[in-house]
Novice: 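Quick one: structure below, then a few questions.
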Number of protein chains: 4
Amino acid sequence: MPDTPIESMQDIPPRRSSAGPHRSQASAEAILDAAEAVLNEAGYAGFSIEQVAKRAGAGKPTIYRWWSGKAALLLDVYARQKLVLDGGDTGTLEGDLVALIRGLWRFWRETSAGGAFRSIIAEAQSNPTALVALRSFMTERLYHVVEIFERASDRGELAPELDIDTALDIVTGYLWVRTLTGRIEDDPETIATAVRQMTRGIVRR
Amino acid sequence: MPDTPIESMQDIPPRRSSAGPHRSQASAEAILDAAEAVLNEAGYAGFSIEQVAKRAGAGKPTIYRWWSGKAALLLDVYARQKLVLDGGDTGTLEGDLVALIRGLWRFWRETSAGGAFRSIIAEAQSNPTALVALRSFMTERLYHVVEIFERASDRGELAPELDIDTALDIVTGYLWVRTLTGRIEDDPETIATAVRQMTRGIVRR
Amino acid sequence: MPDTPIESMQDIPPRRSSAGPHRSQASAEAILDAAEAVLNEAGYAGFSIEQVAKRAGAGKPTIYRWWSGKAALLLDVYARQKLVLDGGDTGTLEGDLVALIRGLWRFWRETSAGGAFRSIIAEAQSNPTALVALRSFMTERLYHVVEIFERASDRGELAPELDIDTALDIVTGYLWVRTLTGRIEDDPETIATAVRQMTRGIVRR
Amino acid sequence: MPDTPIESMQDIPPRRSSAGPHRSQASAEAILDAAEAVLNEAGYAGFSIEQVAKRAGAGKPTIYRWWSGKAALLLDVYARQKLVLDGGDTGTLEGDLVALIRGLWRFWRETSAGGAFRSIIAEAQSNPTALVALRSFMTERLYHVVEIFERASDRGELAPELDIDTALDIVTGYLWVRTLTGRIEDDPETIATAVRQMTRGIVRR
DNA sequence: TATTAATCGAGACGGTACGTCATGTCTTGTA
DNA sequence: TACAAGACATGACGTACCGTCTCGATTAATA
């Protein structure tokens with residue numbers, strides 16, 4: 001679930017050819033900064049467009065001009081955070097996955113990304129647009145996991161009949177259930193156990 | 001994540017020793033019926049206490065008297081649905097899990113339980129009380145999965161070093177990520193694949 | 001505007017001849033005590049049947065069984081206060097009136113009667129029953145003023161063509177406008193001036 | 001208690017120096033129209049902000065943005081009525097006062113002002129803000145009576161030692177006690193008698 | 001250099017829902 | 001069978017946001 005500077009859900013509008021001011025960039029940043037701050041301070045419960053606008057010194061219409069609603073704004077808040085996954089290739093699938101999970105959870109814990117992400121999932125339960133966004137978002141952002149699987153495949157670690165999409169669902173599921181229930185502490189034991197069970201299975205071999 | 005008629009989040013208060021009126025059973029049922037209907041028709045986005053009250057022909061104070069808010073109400077809507085898991089013992093861990101998942105997803109698809117459940121998760125992201133409720137709810141409801149694991153253990157199917165809690169997180173995670181992204185169709189292939197990977201692992205053996 | 005133990009707006013029901021408990025008297029008193037206390041502590045704004053019932057340790061239906069609503073209860077609270085007008089006959093109309101007003105205002109200031117009375121007037125503006133009650137109440141309670149006028153008449157102080165009802169309206173009006181705007185301090189100067197103007201008129205003689 | 005187009009209790013806010021939206025005049029008028037209609041049709045008992053909002057096709061927050069509550073709204077309903085006092089100078093104090101009272105009572109009877117006024121007094125009994133408003137309202141609106149007294153003074157009609165404030169209380173009191181008990185019919189006899197007693201006094205001269 | 005037009009901040013608007021309070025009536029169980 | 005206790009339907013309270021709308025002020029490319 002790595003992070004890259006992909007395009008935000010709703011792009012900054014193209015420069016108009018003719019005339020007009022375009023403080024857009026500055027404004028957009030102020031808004032995202034404010035959104036992040038509000039999310040950090042008040043949580044998803046206190047996250048309202050109204051608060052963000054006030055904090056950003058922006059008008060509500062300015063926000064609505066560029067983002068379709070809460071979900072889109074949250075998605076951009078998430079997207080803006082730079083995920084740095086130090087752990088490169090550890091040489092084994094299990095090592096890579098443990099490193100990934102630890103890095104990702106640290107990222108979620110230490111930035112606004114965690115709150116944003118949980119908020120997006122929540123939003124997606126009542127907002128079809130957010131659901132669509134969440135799904136494509138998932139796919140896009142999973143490429144680091146995909147990479148890990150590809151490396152493992154090259155090493156010949158993977159079962160030949162493995163279905164990658166299903167594997168991704170399993171890994172994603174574990175990540176989600178832990179965040180959504182507020183349990184993403186950095187406990188290497190727990191993570192290692194989970195990874196071992198996902199990779200080696202739970203049955204006697 | 002099996003379902004049994006456990007006590008609802010907010011129980012009917014104990015009979016007072018002296019005198020006094022009691023909770024109106026009729027009212028409570030009308031409210032839960034209405035909640036279910038509203039949830040089915042308008043989804044979580046349109047699920048408001050106000051609507052439920054109007055639909056139930058009840059007063060808002062009556063709802064707030066017995067439920068602390070949306071989350072508690074949703075929990076009861078979920079709890080009221082009777083989950084019938086036909087598949088008993090199929091003889092193997094994989095068989096049991098496939099049966100469980102198929103049964104549970106059918107239940108989620110065919111009753112209001114699915115919507116209620118997703119709503120509860122969403123609510124828990126902005127409401128600490130709901131989060132607490134969700135967690136204990138999870139624990140309580142997982143005993144069917146626990147049972148399956150115990151049968152598997154008796155058969156000697158499980159790896160000796162297995163950590164049950166982690167296994168539950170993995171299974172739960174898979175269930176959640178599929179519902180939350182709206183993919184709980186009854187596709188035996190997909191489910192079987194997922195179960196195979198969770199039990200046997202994804203690495204070459 | 002003197003006070004006498006007249007019947008309350010809604011009488012205590014007669015003792016039943018046959019059977020059953022009849023705590024009525026004790027209950028009624030507890031309710032009136034509570035009503036008075038609530039009125040004193042929370043004012044008319046905080047005066048609710050609910051509060052009175054809770055304070056009295058009575059059920060709301062018990063209150064409604066004997067009083068038709070707030071207005072009736074307030075009327076009884078007022079009626080229960082014993083107005084003691086020390087000033088008897090001062091020998092002049094002006095002296096009698098000053099003594100009456102000072103005594104009455106002291107009574108209003110020092111008991112719940114003042115609050116009750118203002119509350120009744122307020123209630124009468126939205127409640128026709130209360131209005132009727134207020135009017136008959138006025139008439140009944142003015143007999144002390146009437147007495148004063150009669151004594152003055154015997155002394156030959158009054159203008160022969162005087163219309164008593166109008167005179168009562170004027171005196172009452174002065175009393176009301178002062179209470180209703182919260183100005184019933186015991187300032188003998190002010191009162192004396194007002195009485196002088198009401199009796200002698202405001203034109204040069 | 002004359003009426004003139006003074007500023008309403010809550011004025012239209014001053015133009016901000018820079019930019020921004022302004023109060024919608026149309027909205028304000030719709031709200032006051034609705035308030036008047038509701039007051040006329042349902043009386044003070046049925047006068048709720050909710051009803052006014054519904055009737056005006058306005059949102060409740062819009063009402064609360066510009067008026068602090070019922071009292072303020074009622075005050076504006078009153079203030080909006082144009083009191084036309086035809087009777088100018090009749091040449092005598094008594095004549096002027098009779099004309100004033102008849103004109104004022106007609107005004108109260110024929111417009112919503114009467115109901116609004118009584119409602120304001122009622123409201124003031126439970127709402128301290130309303131009480132303050134009522135008091136300053138009284139003072140402001142009495143200038144017509146003051147004028148009458150000044151003319152009388154110029155004519156040399158008044159007793160030299162007369163205290164104007166007290167005289168105003170007496171006249172006001174008479175006006176209030178009659179409205180509050182629902183007796184403001186246009187009976188010239190009654191009014192003339194009352195005025196004669198207030199001006200000439202009730203004692204033999 | 002002046003004109004022009006898109007955006008900006010600000011915030012009012014009609015709404016919906018919130019969670020609380022009081023009303024007056026109904027019901028239950030105790031004494 | 002009268003009472004306390006309190007649940008009930010109703011409906012108003014005052015507040016928070018929603019997403020849309022109108023203002024003037026600002027500003028930069030076009031003319």
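Within every chain, numbering begins at 1; the chains are lettered A, B, ... in the order of the sequence lines, protein sequences first and strands thereafter. This structure is a prediction, so every number in the text was calculated from the model and none was measured.
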Novice: Below the 4.0 Å mark, does dC3(F) have OP1 or OP2 next to a side-chain nitrogen or oxygen of R65(C)?
Specialist: yes

Novice: Give a yes or no on whether a donor-acceptor pair under 3.5 Å exists between the nucleobase atoms of dG19(F), that is its base, and the side chain of K60(A).
Specialist: yes

Novice: Heavy atoms only, 4.0 Å cut-off, all strands: where does A53(D) land among base, sugar-phosphate and nothing?
Specialist: nothing

Novice: Mapping A56(B) and Q51(D) to their closest nucleotides on DNA chain F, which lands nearer the 5' end?
Specialist: A56(B)

Novice: Roughly how many Å is it from CD1 in I49(B) to C1' in dT20(E), rounded to a whole number?
Specialist: 13 Å

Novice: What is the nucleic acid contact for K54(C), judged by heavy atoms within less than 4.0 Å: base, sugar-phosphate only, or nothing?
Specialist: nothing

Novice: Would you please confirm or rule out a distance under 4.0 Å between OP1 or OP2 of dG19(E) and any side-chain N or O of W67(B)?
Specialist: no

Novice: Who are the side chain to side chain contact (heavy atoms under 4.5 Å, CB included) partners of S136(A), not counting sequence neighbours?
Specialist: none

Novice: Give the table of side-chain donor-acceptor pairs shorter than 3.5 Å for residues 34-47 of chain A, with sequence neighbours excluded, one pair per line with atom names and distance.
Specialist:
residue: E36(A); atom: OE1; partner: R80(A); partner atom: NH2; Å: 2.8
residue: E36(A); atom: OE1; partner: Q81(A); partner atom: NE2; Å: 3.1
residue: E36(A); atom: OE2; partner: Q81(A); partner atom: NE2; Å: 3.4
residue: E36(A); atom: OE2; partner: S112(A); partner atom: OG; Å: 3.0
residue: N40(A); atom: ND2; partner: E36(A); partner atom: O; Å: 3.3
residue: E41(A); atom: OE1; partner: R55(A); partner atom: NH1; Å: 3.0
residue: E41(A); atom: OE2; partner: R55(A); partner atom: NH2; Å: 2.7
residue: Y44(A); atom: OH; partner: E123(A); partner atom: OE1; Å: 2.4

Novice: What closest approach, in Å, do I31(A) and V52(A) show between heavy atoms, and which atom pair accounts for it?
Specialist: O-CG1, 3.7 Å

Novice: If I take atom CD1 in residue I63(C) and atom C1' in nucleotide dA4(F), what distance separates them, rounded to the nearest angstrom?
Specialist: 11 Å

Novice: Over 60° means perpendicular and under 30° means parallel, so classify the ring planes of Y78(B) and F137(B), tilted if in between.
Specialist: perpendicular

Novice: Starting from the 5' end of DNA chain E, give me the residue, P61(B) or T62(D), whose nearest nucleotide shows up first.
Specialist: T62(D)

